[in-house]
Amino acid sequence: QVQLVESGGGLVQPGGSLRLSCAASGFTLDYYAIGWFRQAPGKEREGVSCISSSDGSTYYTDSVKGRFTISRDNAKNTVYLQMNSLKPEDTAVYYCATDNGSRLLRLCLPYEYNRWGQGTQVTVSS
């Protein structure tokens, strides 16, 4: 079955850390650019971080620069999002997604990605 499955979300206090995982099955992540996106209630889905599979280049939205790190482990067919110094405004459902096989970073916008996981909830609250 071709799918992406996110895990690692949860409830964390401000300043805490979480590591999200995105595991692929039925296909090889190495052939795709991968993105992490998030959607908070009442807001549009936004690109948090994306990584190319052609040269490993990465993108981070301004609000997470210096706090989040995207990485990929092709041997495990998994992409990670390490989130440190979490803030209440990071609260959202986080999704991983793959593009159409371009392997390029591009703009890290949702319309560039066409295969999505089911999402994992991240709640940052004291």
Side-chain angles (χ1 to χ4, degrees):
Q1 184 177 2
V2 175
Q3 63 179 354
L4 293 167
V5 179
E6 302 97 334
S7 61
L11 173 64
V12 64
Q13 293 186 341
S17 298
L18 286 173
R19 189 177 79 157
L20 305 184
S21 299
C22 173
S25 59
F27 70 104
T28 302
L29 279 177
D30 192 34
Y31 298 118
Y32 300 89
I34 310 296
W36 282 99
F37 301 83
R38 67 186 179 187
Q39 188 165 20
K43 295 188 176 181
E44 293 187 354
R45 191 169 298 188
E46 66 167 340
V48 176
S49 181
C50 294
I51 184 167
S52 162
S53 67
S54 62
D55 62 3
S57 56
T58 57
Y59 162 89
Y60 297 93
T61 193
D62 285 345
S63 62
V64 308
K65 285 180 181 176
R67 301 189 297 122
F68 291 10
T69 304
I70 191 171
S71 62
R72 57 195 305 160
D73 185 336
N74 290 334
K76 294 183 177 180
N77 215 23
T78 299
V79 174
Y80 303 98
L81 185 68
Q82 178 66 45
M83 307 187 296
N84 299 327
S85 302
L86 283 161
K87 304 176 180 180
E89 51 263 43
D90 295 318
T91 295
V93 178
Y94 283 71
Y95 301 88
C96 66
T98 59
D99 75 344
N100 61 3
S102 78
R103 306 182 67 184
L104 301 175
L105 186 58
R106 296 188 288 178
L107 300 175
C108 196
L109 293 173
Y111 74 84
E112 298 170 340
Y113 292 76
N114 58 8
R115 180 182 289 142
W116 294 81
Q118 83 287 351
T120 185
Q121 176 70 46
V122 171
T123 303
V124 185
S125 175
S126 56

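What's counted below: heavy atoms across the whole structure, side chains too, no hydrogens, waters or symmetry copies.
For S57 against D55, the heavy-atom pair with the smallest separation is OG-OD1, 2.8 Å. A pairwise comparison of heavy atoms in P14 and S126 identifies CD-N, 3.7 Å as the closest pair.
Under a 3.5 Å cut-off, the side chain of E46 and the backbone N or O of Q39 do not form any donor-acceptor pair. N77 places no side-chain N or O within 3.5 Å of a backbone atom of N74 that could act as its donor or acceptor partner. The closest donor-acceptor contact from the side chain of T120 to the backbone of G9 lies under 3.5 Å.
Applying the disulfide bond (SG atoms under 2.5 Å apart) rule to pairs touching residues 59-126 yields C22-C96, C50-C108, sequence neighbours excluded. Residues in residues 26-35 take part in no salt bridge (Lys or Arg N to Asp or Glu O under 4.0 Å) pair, two or more places apart or across chains. For residues 99-113, the salt bridge (Lys or Arg N to Asp or Glu O under 4.0 Å) pairs, not counting sequence neighbours, are D99-R106.
Between Y113 and F37, the ring-plane angle classifies as perpendicular under the 30° and 60° cut-offs.
Counting Ile, Leu, Val, Met, Phe, Trp and Tyr side chains that sit under 4.5 Å apart, directly or through other members, L20 shares a hydrophobic cluster with V2, L4, V12, L18, F27, L29, Y31, Y32, I34, W36, V48, I51, Y60, V64, F68, I70, V79, L81, M83, L86, Y94, V122, V124. Its side chain within the 4.5 Å cluster rule, L109 clusters with L107, Y111 among the Ile, Leu, Val, Met, Phe, Trp and Tyr residues.
Residues Q118 and Q3 have side chains not in contact (no heavy-atom distance under 4.5 Å, counting atoms from C-beta outward). Inter-residue side-chain proximity for R45 and R38 is flagged as unmet; no heavy-atom pair is nearer than 4.5 Å. Two residues are said to be in side-chain contact when any heavy atoms from C-beta on lie closer than 4.5 Å; T61 and S49 fail this criterion.
Within the model, atoms OG of S63 and CD of E89 stand 8.0 Å from one another, a figure rounded to the nearest 0.5 Å. Rounding to the nearest 0.5 Å places OG1 of T69 at 11.5 Å from CZ of R19.
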Checklist entry - Please walk me through it: do S17 and N84 pass side chain to side chain donor-acceptor pair (under 3.5 Å)? => result CA-CA 4 Å; S17 298; N84 299 327; 2.9 Å; yes

Checklist entry - So T123 and S125, side chain to side chain donor-acceptor pair (under 3.5 Å) or not? Walk me through it. => result CA-CA 6 Å; T123 303; S125 175; over 6 Å; no

Next on the checklist: Test side-chain contact (heavy atoms from CB on, under 4.5 Å) on L104 and S54; report intermediate values, then the result.
Outcome noted: CA-CA 6 Å; L104 301 175; S54 62; 3.8 Å; yes

Item to check | Pair S53-R72, side-chain contact (heavy atoms from CB on, under 4.5 Å): steps then yes or no | outcome: CA-CA 9 Å; S53 67; R72 57 195 305 160; 3.4 Å; yes

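For K65, the side chain to side chain donor-acceptor pair (under 3.5 Å) test picks out D62, with sequence neighbours left out.
Sparse packing is recorded around CD of E44, with 12 or fewer heavy atoms of other residues, nucleotides or ligands lying under 6.0 Å away.
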